[in-house]
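Order of the sequence lines sets the chain letters (A, B, ...), proteins ahead of strands, with each chain counted from 1.
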There are 2 protein chains.
Amino acid sequence: MATMQDVANLANVSLATVSFTINNSKPVSPKTRAKVEAAMKDLGYRRNAVGSALARGRTHVLALLYPALQHRFSPTSVRFFTSAADQARLRGYNLVLWPMSNDAEAVSELTSSGLVDGVVLMEVQLDDPRVAELSGSTVPFALIGRTRDTAGIPFVDVDFESTVEKAIDRFIQLGHTDLVLVDGGIGNQLLGGYGPVARTRKVFGEVTAQRGLSGAIMSGVHSSAGGRELAKEFVASHPETTGVLMMNEQAGPGFVAGLQQAGYRLPQDVSVVAIASSLDIVSMSEPEMAVYISPADELGRLGVDTLIDRLDKLSDTLPQLLIECSYSSGATMGTAPKRKK
Amino acid sequence: MATMQDVANLANVSLATVSFTINNSKPVSPKTRAKVEAAMKDLGYRRNAVGSALARGRTHVLALLYPALQHRFSPTSVRFFTSAADQARLRGYNLVLWPMSNDAEAVSELTSSGLVDGVVLMEVQLDDPRVAELSGSTVPFALIGRTRDTAGIPFVDVDFESTVEKAIDRFIQLGHTDLVLVDGGIGNQLLGGYGPVARTRKVFGEVTAQRGLSGAIMSGVHSSAGGRELAKEFVASHPETTGVLMMNEQAGPGFVAGLQQAGYRLPQDVSVVAIASSLDIVSMSEPEMAVYISPADELGRLGVDTLIDRLDKLSDTLPQLLIECSYSSGATMGTAPKRKK
DNA sequence: CTGAAAGCGCTTACAG
DNA sequence: CTGAAAGCGCTTACAG
């Protein structure tokens with residue numbers, strides 16, 4: 001690989017001049033610029049980012065930290081990633097997906113390595129040790145999700161509270177009085193639990209109580225087989241329930257399949273709505289599920305914008321954004337049966 | 001951030017000695033080692049990977065190149081990634097997912113940046129320009145997938161040829177004579193087309209002809225909605241067909257749903273088997289699809305092993321591995337109907 | 001076993 | 001507008 005020095009030699013200029021013309025960091029005469037550019041082309045020169053990073057302290061690489069070895073990627077997580085990567089590219093950065101457990105030590109190792117300019121966290125726990133670690137460091141970061149205490153922490157997140165409340169009120173309008181929330185489990189209790197689940201359970205409990213409804217909670221694994229398991233359990237344990245809030249994206253289609261295998265008709269016997277899921281997943285089931293769609297594209301983009309604004313010193317405000325899910329109707333929502341089955 | 005020099009000062013030794021103790025690159029007396037380690041702890045020292053990379057030419061980061069902005073991640077692709085990342089970690093490397101189009105220029109920019117030690121390619125096209133670029137460079141690489149001409153190229157791939165042949169013979173055993181292959185489209189014709197689709201079409205055409213069967217090909221987008229579209233098209237255009245090879249993972253459940261919405265019973269009217277898909281996807285449909293499961297975990301692991309063996313100079317052989325899909329039965333496979341519907 | 005020094009490929013004050 | 005030189009944080013022959 002040709003180095004900048006090689007280019008300088010060939011063009012008969014100094015190393016510094018090559019740097020100035022590449023970076024447009026100082027005025028360079030047209031004639032000199034031409035010589036340098038010709039030399040670069042001749043040698044097929046490309047700037048070594050490691051050398052540059054050491055001198056400048058910037059690699060222009062951002063890491064999206066995802067505990068991929070612990071949590072399987074949901075389709076919605078994939079959208080977060082692709083949308084974030086896209087936006088990063090537009091703004092001149094490379095965003096890469098960096099698999100890493102929710103572990104303060106690992107984060108600090110990465111951020112002190114100098115290999116990345118900033119990090120975006122996903123799958124945030126209420127007492128996430130990574131956030132504490134980052135708050136004490138100088139490396140810019142942003143969360144997609146949020147911790148229990150959000151003071152001073154830049155984040156963007158789904159507004160689970162308002163979404164769940166709206167979903168419950170939709171069930172009420174349809175005459176349902178007995179609801180179940182199905183989720184993917186609270187995760188690591190030591191870390192305060194997985195944010196979306198913890199918040200959703202809380203508001204589900206509060207709102208059902210306040211509206212005088214019966215509300216129970218079930219959990220299963222994040223897979224289609226998990227959904228089928230959940231359906232069996234649901235049929236056995238909740239014969240009176242007519243409305244299900246499904247907040248376990250990957251289990252959704254399996255759950256619907258399992259209900260039907262057990263002889264339930266949707267929505268005549270049971271109504272189901274997916275929470276914070278995607279059109280692609282809900283249309284895998286027959287009938288297609290109604291869904292509150294996660295604003296994944298928007299949040300991915302905003303999370304990256306938040307981070308880059310700080311890196312580029314474009315903003316010193318502290319963005320804390322909540323975005324609601326949007327409702328899309330589906331054939332699994334109907335009026336409550338007079339008497340189930 | 002404390003530097004190695006800071007540690008040396010505090011421990012009253014030279015910079016070199018600190019490096020020797022950290023890297024175990026030269027013998028260090030126990031006493032000196034203790035002093036250095038104490039100083040490191042005191043300062044919370046962490047080695048800056050950029051400085052190290054510049055001196056050593058190694059970052060211990062590997063990039064899995066995936067055109068994430070062009071191709072949506074399938075669940076099987078996710079498995080490739082997590083399995084590869086896991087194996088890389090076991091062997092002392094960080095594997096990150098680097099979104100990048102099938103573009104020689106972009107690859108060369110990355111590999112000459114010095115930020116990664118090697119790359120693994122996915123979504124390989126028959127005439128993939130990235131492979132030509134990498135073959136001419138000094139950066140180690142491996143493919144998950146393969147090009148048309150594989151001479152001198154290290155790769156691991158699904159054995160589509162033998163898998164498709166077995167699937168066809170299974171249909172024959174069940175009495176089917178009229179088959180359709182559904183795929184996700186050939187992709188970029190300029191690049192020779194997407195390897196799995198090109199190879200599968202070829203062998204499907206050859207084997208059906210050789211066995212005296214009728215064989216047609218349909219393509220649709222990689223989504224559940226795409227699957228429902230395909231089902232409509234199938235019902236309209238292929239009234240005689242009784243067997244479907246579904247090689248479009250994300251469209252699979254939507255296709256099954258769409259067939260049933262059109263009044264078909266599975267497998268009484270039509271049999272369907274998924275090719276190179278996953279248990280998780282096929283169990284989203286009701287009934288669950290039979291499937292030839294992609295050996296994604298194994299291939300992800302082997303792809304990384306291939307790359308790291310070269311990086312660590314453990315092997316100078318050229319691995320070229322093909323692995324068959326394994327069959328898992330499902331309720332969508334049955335004997336051919338006497339007369340359809 | 002330990003250290004002084006050159007070097008990895010860049011950037012950037014400073015001087016002219 | 002151009003250049004010589006110091007410096008970013010490490011590693012590693014070389015010398016002792």
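- Residues that satisfy the ring pair (Phe, Tyr, Trp, His ring centres under 6.0 Å) test with B/Tyr66, not counting sequence neighbours, are B/Phe73.
- For the pairing with B/Gln87, the side-chain hydrogen bond (donor to acceptor under 3.5 Å, both in side chains) check across B/Thr82, B/Asp305, B/Asp297 returns one residue only, B/Asp305.
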ask   = How far apart are the C-alpha atoms of A/Val7 and A/Lys41, what are their side-chain angles, what is the distance that settles it, and do they pass the side chain to side chain contact (heavy atoms under 4.5 Å, CB included) test?
value = CA-CA 9 Å; A/Val7 175; A/Lys41 188 154 295 174; over 6 Å; no

query = Does the side chain to side chain contact (heavy atoms under 4.5 Å, CB included) test come out yes or no for A/Leu143 and A/Gln320, once each step is laid out?
reply = CA-CA 9 Å; A/Leu143 316 188; A/Gln320 297 197 325; over 6 Å; no

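- Stem regions annotated for DNA chain C: C:1-3 with D:14-16, C:5-12 with D:5-12, C:14-16 with D:1-3, counting only runs of 3 or more consecutive pairs of Watson-Crick or G-U type with both contacts under 3.5 Å.
- For the residue pair A/Tyr194/A/Asn102, the side-chain donor-acceptor check at 3.5 Å is not satisfied.
- For D/dT2, one of the phosphate oxygens OP1 or OP2 lies less than 4.0 angstrom from a side-chain nitrogen or oxygen of A/Ser29.
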query = Could you write nucleotides 9-16 of chain C as a row of B, S and -, 5' to 3', where a protein heavy atom under 4.0 Å of any base atom gives B, of only sugar-phosphate atoms gives S, and otherwise -?
reply = BBBBBB--

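- Counting heavy-atom neighbours within 6.0 Å of A/Arg79 CZ, excluding the residue itself, gives a total of 12 or less.
- Put simply, the residue from A/Val304, A/Thr317, A/Leu314 that forms a side chain to side chain contact (heavy atoms under 4.5 Å, CB included) with A/Asp309 is A/Leu314.
- Under 4.0 Å is where a charged nitrogen must lie from a carboxylate oxygen, and between A/Arg310 and A/Asp117 no such pair does.
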